[in-house]
Amino acid sequence: AEYLPDFKITKRDGSVIFVEYKGNGRSFDYAVRRKLIAVKTLNPDLDLRLIFHSDGKIGHVRKDGTFRRQSDWAKENGFKFAIRVPPKDWFND
């Protein structure tokens with residue numbers, strides 16, 4: 001199957017960054033998260049990064065009142081990410 005990212009950015013050096021923009025709720029549900037991991041696993045050389053509209057909650061609130069956020073998931077799964085605006089160094093590194 002072919003992967004079509006939300007954005008494809010070609011840097012001056014010719015390298016390519018693939019960017020997925022995700023909101024909260026269904027746009028970042030379990031199926032979406034599973035797909036992102038599969039794309040990354042099947043294409044280990046792909047530079048896939050995420051931009052979240054906000055750092056939304058994932059899953060249920062724990063007994064202690066805490067919860068996972070989208071940024072937690074991205075860190076746990078080795079994705080570079082940003083909230084709303086990509087950092088300038090994404091285009092310079």
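Remember, it's a predicted structure, so these values are computed and weren't measured experimentally.
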Over-ring placement of Lys22 relative to Phe28, 6.0 Å and 45° cut-offs: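 Relative to the ring axis of Phe28, which defines the angle, Lys22 lies outside at least one limit.
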Lys NZ or Arg CZ of Lys40 over Phe79 ring: under 6.0 Å, within 45°: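 Yes, a cation-pi geometry.
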Out of Arg69, Arg33, Arg68, which residue meets the salt bridge (charged side-chain N to carboxylate O under 4.0 Å, His left out) rule with Glu76?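 The residue from Arg69, Arg33, Arg68 that satisfies salt bridge (charged side-chain N to carboxylate O under 4.0 Å, His left out) with Glu76 turns out to be Arg68.
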Within the 3.5 Å criterion, strictly below it, is a donor on Ser15 or Asp47 matched to an acceptor on the partner's side chain? no
Output the distance between atom [atom1] ([X]) and atom [atom2] ([Y]), rounded to the nearest 0.5 Å.
| X | Y | atom1 | atom2 | result |
| --- | --- | --- | --- | --- |
| Ser27 | His53 | OG | NE2 | 9.5 Å |
| Phe52 | Glu20 | CZ | CD | 10.5 Å |
| Tyr21 | Arg84 | OH | CZ | 6.0 Å |
| Phe18 | Phe7 | CZ | CZ | 14.0 Å |
| Ile9 | Ile17 | CD1 | CD1 | 5.5 Å |
| Lys57 | Asn24 | NZ | CG | 10.0 Å |

Please name the pair of heavy atoms, one in Val85 and one in Ala82, separated by the smallest distance, quoted to 0.1 Å. O-CB, 3.5 Å
Residues Ser71 and Asp55: closest non-hydrogen pair is OG-OD2, 2.7 Å
I would like to know whether Phe81 and Arg49 meet side-chain contact (heavy atoms from CB on, under 4.5 Å); could you show each step before the answer? CA-CA 6 Å; Phe81 70 92; Arg49 303 178 188 197; over 6 Å; no
A side-chain contact here means heavy atoms from C-beta on lying under 4.5 Å apart; do [X] and [Y] qualify?
| X | Y | answer |
| --- | --- | --- |
| Leu46 | Val39 | yes |
| Ile58 | Asp72 | no |
| Val16 | Lys11 | no |
| Ile51 | Val19 | yes |

Test Leu50 against Leu36 for side-chain contact (heavy atoms from CB on, under 4.5 Å), laying out the working first. CA-CA 10 Å; Leu50 307 173; Leu36 289 169; 3.9 Å; yes
For the CZ atom on Arg62, are there more than 12 heavy atoms of other groups (residues, nucleotides or ligands in this structure) within a distance under 6.0 Å?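 Yes, the 6.0 Å shell around CZ holds more than 12 heavy atoms from other groups.
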